[in-house]
Structure formats: C-alpha cells, structure tokens
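Following: one structure in structure tokens, then a few remarks.
Index from 1, following the sequence. It should be emphasised that the depicted structure is a prediction, and the values quoted were computed from it without experimental measurement.
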Amino acid sequence: MYDRYVGIELSKVNNIIKRECGTNAEDDLKNDITGKNGWIIGYIAENKDRDIYQRDIERDFVIRRSTVSGILGLMEKKGYIVREGVAHDARLKKLTLTDKAWEYLSKTMKMVDMQEERMRRGLSQEELDNFFATLDKVKQNLENEND
C-alpha cells in the first residue's frame, strides 16, 4: 500500500533513541529508572515554578490514568518523588522531586542535550519547524480519531 509507514518509521527512531540512552546511561541510573521516569522528572523540574499533579502528567504525556498512577507509585517507592497534599483541595497531591531526583537530573541532562544535538545535526531551522509541525499534525490526527 505505502512505500513507507509513518508508524513504523517513528517506532524505529524511538528504538534507536532508547538504545542510545541505555548505552550512555550510568549503570547505577539505568538499573533504577526507566525512560518515562526520566522524562517525568525532567517535566516536573522544568515546571518547578508551578504545582504539578498526576493529571498534568496524564495530559501532557498522553498516558492513561492507571498507567501514570503505577509509574508515579514506583517513582515514589524508589525515592524520586513525593506526593504532597495541597491546602486548596484535599483530593489533589502535588508531585515534588526529591534530592535523589535532582541528582539524577543533573547527571542525565548533559547526555540528553548531546543526544538532541546529534539528532538535530545537519537540519536547518526550517526543516526542524516543518518536522515539528508535521509531528503535531500526526498527534492531532491520532487524538481526534479517539474522540
């Protein structure tokens, strides 16, 4: 039907990224934390000026509630996050990074930046803009199909 399939190509790229990250990660870190955990730690750190809740992770990472609940529970058990109640709503628990998570983040950000630099190598700003616009359209197409 098609010469190339978008989903298969995205999967291949994702596998290469995962393999590269696993190869470059320090042994003590890669045995204790998964890729999604790392992205969640980075997300909470990037948004340190506001409260982050489970629903933010669900929405922004497009992950189901039950999956996020399991991931956060394990991260809490391993000592990377704590869930703290907030005064304005007893049902909500904001996610806060521990010192262990901040240490992990500082060790991995250099590796992430190097990987990003490799992926962007030889691409113009226009190509990057088109790439991200295309990815946004693909995501929107997939999200709209589930409505």
Step through the shown structure and confirm whether more than 12 heavy atoms of other residues, nucleotides or ligands are within 6.0 Å of [atom1] on [X].
| X | atom1 | answer |
| --- | --- | --- |
| M114 | CE | no |
| R65 | CZ | no |
| W39 | CH2 | no |
| D99 | CG | no |
| D3 | CG | no |
| K36 | NZ | no |
| E9 | CD | yes |

Can you give me the closest heavy-atom contact between [X] and [Y], atom names plus distance?
| X | Y | value |
| --- | --- | --- |
| R83 | L72 | NH2-C, 3.2 Å |
| A45 | L105 | CB-CD2, 3.2 Å |
| R120 | L128 | NH1-CD1, 3.5 Å |
| D51 | D56 | O-OD2, 3.9 Å |
| Y80 | I41 | CD2-CD1, 3.9 Å |

### From R91, K93, K94, residue fulfilling side-chain contact (heavy atoms from CB on, under 4.5 Å) relative to V86
K94
### Task
Apply the side-chain contact (heavy atoms from CB on, under 4.5 Å) test between R55 and each candidate in D60, L92, V68; give the one that qualifies.
L92
Quick check against the 3.5 Å criterion: does [X] have a side-chain atom that pairs as donor or acceptor with the backbone of [Y]?
| X | Y | result |
| --- | --- | --- |
| N15 | K12 | no |
| E46 | Y43 | no |
| S11 | G7 | no |
| N14 | L10 | no |
| T67 | I63 | no |

### Task
Step by step, work out the salt bridge (charged side-chain N to carboxylate O under 4.0 Å, His left out) result for R64 and E58.
CA-CA 6 Å; R64 290 190 171 102; E58 294 166 11; over 6 Å; no
What I want to find out is whether [X] reaches [Y] closely enough, with some N-O distance under 4.0 Å, to be called a salt bridge.
| X | Y | answer |
| --- | --- | --- |
| R121 | E117 | no |
| K139 | E143 | no |
| K110 | D113 | no |

### Stepwise side-chain contact (heavy atoms from CB on, under 4.5 Å) check, L95 with I57
CA-CA 10 Å; L95 306 174; I57 305 293; 3.9 Å; yes
### Message
By the ring pair (Phe, Tyr, Trp, His ring centres under 6.0 Å) test, which pairs, at least two apart or in different chains, include something from residues 117-136?
### Response
none
### Message
Rounded at 0.5 Å granularity, tell me how far NZ in K100 sits from CD1 in I81.
### Response
12.0 Å
### Task
Determine whether the side chains of Q125 and D129 contain a donor N or O and an acceptor N or O closer than 3.5 Å.
yes
